[in-house]
Each structure stands twice: as structure tokens, then as C-alpha cells.
Amino acid sequence: MPVEKFHVDCFDAEEENLLEYVTVVSDKFSPDFVFETDGTPISVDSQAPSIFKRRYNNGELSVRFSYEDYMKGESWNNEAAIDIIRALGIDTEKFWYLLLFIYDYVSGSTQNVTTFKSSPIEEIENFIGYVESNELSFDSLKGIEHGKPMALTVSKGRGHKFVITEPNTISLIAAICKEALPTLPANSIFNRVEIDRENASKSMSVNIWLFAEMFRYFFGQYPQYSNKRKTGNDITKSTLRLISKLVYFVGLSDNEAYNYDDDNLKAIIKHYRNYKIDTINNIYG
């Protein structure tokens, strides 16, 4: 059964063990840093587990599902999420807290948040990635071949623009930018961001994508919970199938298809594969 209250002012080894999965995911998605006098960031333990414990104790977690429903097993026509969790050998208690945390974190990252514009460095990184993804080959005589025609346009006012279409020129600009980026200090003005919108909310598809990304990271850190094909009457041992079922279970989608296969989830993961969250989490910072 879930703990009634977590200790927040003293160390409890049993509780730390229960929050093992939460801690692993927190350090990736909600990292904390201290800074040297020269501005160099140093990674330290995430404060997200402590925030989670306080929210749990105060009944503030933004969840709409219960532990009792989570623990319900196979129905007459479909495997439940808990069946797959057990089949994969995952600790069901630890996973319950991870589910609570990820759902709460996703809500804090996507609902009523402050959205930021990309920093100049992020825009340059996106530009480099966009160009490199279109480069097919290099020929010593012709130069770089692009998969699809590209154009780099700079405009100033209506009717005044400068357009570059030569593949070698575009790739050269990207290469020069890539070489220059590491020379910029961490506290450079080019790392500064500006507020785009306050109290903005992301689409439900983004909610599902982030929810899935956090669980996929978790499974990447625990390779022993590997995917296995279903044989005979065995329980399905698929992490993507599990995540898809959890999407439906927690109410991120009312589309029952998520509960029966992972096709919709795969489509969202593919669509948002290069997406980056541009918000500050209003719960976990």
C-alpha cells in the first residue's frame, strides 16, 4: 500500500528506495545546478523528489486516478497496465510513485506555463541540425549534395530580401556556426531567452509526447525491463504498449485505441522526435 506521508525533514532509507525511479528520472528532466564563479554550471541532485514528497503529503498532486485502479489486473478482454508491469519484473510500488511524478511533472510543464522563445544559440543549433539532416553526400568536385532543395532567406521589410540557394553556401554557413558555438561562454548573451507567452498551455499531443519520453528514458536506464514478443497466452512484454496503456489510464487521451495498441503513441513519438519543451515547469521549476 502507498505510504500515507513521506518524511521531508529527515532521511528515510525505505522511502528513498521507494522513490528510486522518481530520482533517476528527476535528474534527467528536472536537473539542478550550482555555478562556479566563472559561470560554469555543476550538476547537483535534483530537488524534484523533495518537491514531489511535499505535494504528495499535501494532496496537491494533479492526478485523477487511484492506486486501487492502478493495481487492478487483467479484464475479460484486455490486459491491464499492471499485468505488463508485473510481467516485465518492475517493482509495482516504485513504479506507482514514478507514474504519479511523471503525470504531475507533465502537467507542470504543459498547463498554464510561461513559454520562452528560443535563445540565439538554440536557433543556430536548430539551423545546423536542419541543414545537416538534408545533406546526402560530399563530392570533391561538386561539393555537398542536398536531399531536397533548400533556401536561406534574410529579409528587411516588404520586398527586400536576400536569398541563398547554393547547397555548398548553406552547408558552409552551418559548418562555420557549428565550429563557433563551442567557443561561446555559458553566460553569453547569446544564451539569453525572452518570454513569448504567459499562462500558455500545450496541446494534448505534446502532453502525451512528454509523458512517453519520460517513461522511455526510465526504461533506457533499466535495460533489464526489455521488450519481449508475446508468445501463446503470455502477457505482452512491451514497454511501448505499457506506456500507451498508461496514457489512457491517466486520462491524457480518451481514445480507447491507446489501451489496445501502441500505433497512436508511435505516431506521436515520430511526429515530435525533434521537439523541445520551451517552458519553465510551474511546479518543479
Side-chain angles (χ1 to χ4, degrees), residues 27-33 35-36 38-43 105-106 108-138 143-214 216-217 267-282 284-285:
D27 286 339
K28 168 65 176 179
F29 288 88
S30 187
D32 277 282
F33 301 92
F35 292 88
E36 298 280 17
D38 63 355
T40 303
I42 300 176
S43 177
Y105 184 90
V106 168
S109 288
T110 59
Q111 304 301 310
N112 299 317
V113 292
T114 298
T115 302
F116 290 90
K117 296 179 180 178
S118 297
S119 69
I121 286 180
E122 288 172 333
E123 290 188 324
I124 292 297
E125 289 174 338
N126 290 337
F127 166 70
I128 294 169
Y130 192 76
V131 173
E132 289 184 340
S133 68
N134 194 43
E135 294 175 343
L136 292 182
S137 61
F138 175 78
I144 296 175
E145 178 186 0
H146 284 178
K148 295 181 179 180
M150 300 184 77
L152 180 60
T153 303
V154 179
S155 61
K156 55 175 184 178
R158 183 175 298 177
H160 297 83
K161 61 182 180 180
F162 178 69
V163 182
I164 298 174
T165 58
E166 167 59 43
N168 288 316
T169 305
I170 295 174
S171 287
L172 177 61
I173 294 172
I176 292 172
C177 290
K178 188 173 184 177
E179 185 176 347
L181 282 184
T183 67
L184 298 175
N187 58 353
S188 166
I189 189 174
F190 301 111
N191 257 323
R192 295 180 184 175
V193 295
E194 298 179 1
I195 292 177
D196 187 7
R197 291 177 297 161
E198 293 184 353
N199 298 321
S201 293
K202 297 295 185 180
S203 69
M204 192 52 64
S205 295
V206 171
N207 280 252
I208 294 172
W209 167 80
L210 180 57
F211 183 85
E213 282 300 291
M214 295 180 76
R216 291 177 71 201
Y217 175 80
I268 283 182
I269 291 172
K270 181 179 180 180
H271 180 76
Y272 289 98
R273 62 184 179 274
N274 296 319
Y275 187 81
K276 292 183 180 180
I277 289 291
D278 56 357
T279 61
I280 294 295
N281 193 294
N282 61 31
Y284 293 94

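The figures here come from the full heavy-atom set of this structure, side chains too, leaving out hydrogens, waters and symmetry mates. The structure displayed is predicted, hence computed values, not measured ones.
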Quiz item: About how many Å separate CD of Glu123 and CG of Asn126, when rounded to the nearest 0.5 Å?
Solution: 7.5 Å

Quiz item: What is the ring orientation for Phe29 with Tyr217, classed by angle as parallel under 30°, tilted 30 to 60°, or perpendicular over 60°?
Solution: perpendicular

Any heavy-atom pair between the side chains of [Y] and [X] that's under 4.5 Å?
| X | Y | answer |
| --- | --- | --- |
| His271 | Ile268 | no |
| Met150 | Tyr130 | yes |
| Glu145 | Glu135 | no |

Quiz item: Just one of Leu172, Asn134, Asn168, Val131 clears the side chain to side chain contact (heavy atoms under 4.5 Å, CB included) bar with Ile144, so which one?
Solution: Asn168

Which atom of [X] lies closest to which atom of [Y], heavy atoms considered:
| X | Y | result |
| --- | --- | --- |
| Leu210 | Val106 | CG-CG2, 3.9 Å |
| Ala174 | Ile128 | O-CG1, 3.7 Å |
| Val163 | Ala151 | CG1-CB, 4.2 Å |
| Phe127 | Leu152 | CE1-CD1, 4.0 Å |
| Cys177 | Ile124 | CB-CG2, 3.7 Å |
| Arg273 | Lys270 | NH1-O, 2.7 Å |

Practice problem: Please list, chain by chain and in numerical order, all residues satisfying salt bridge (Lys or Arg N to Asp or Glu O under 4.0 Å) with Glu132, sequence neighbours excluded. | Solution: Lys178

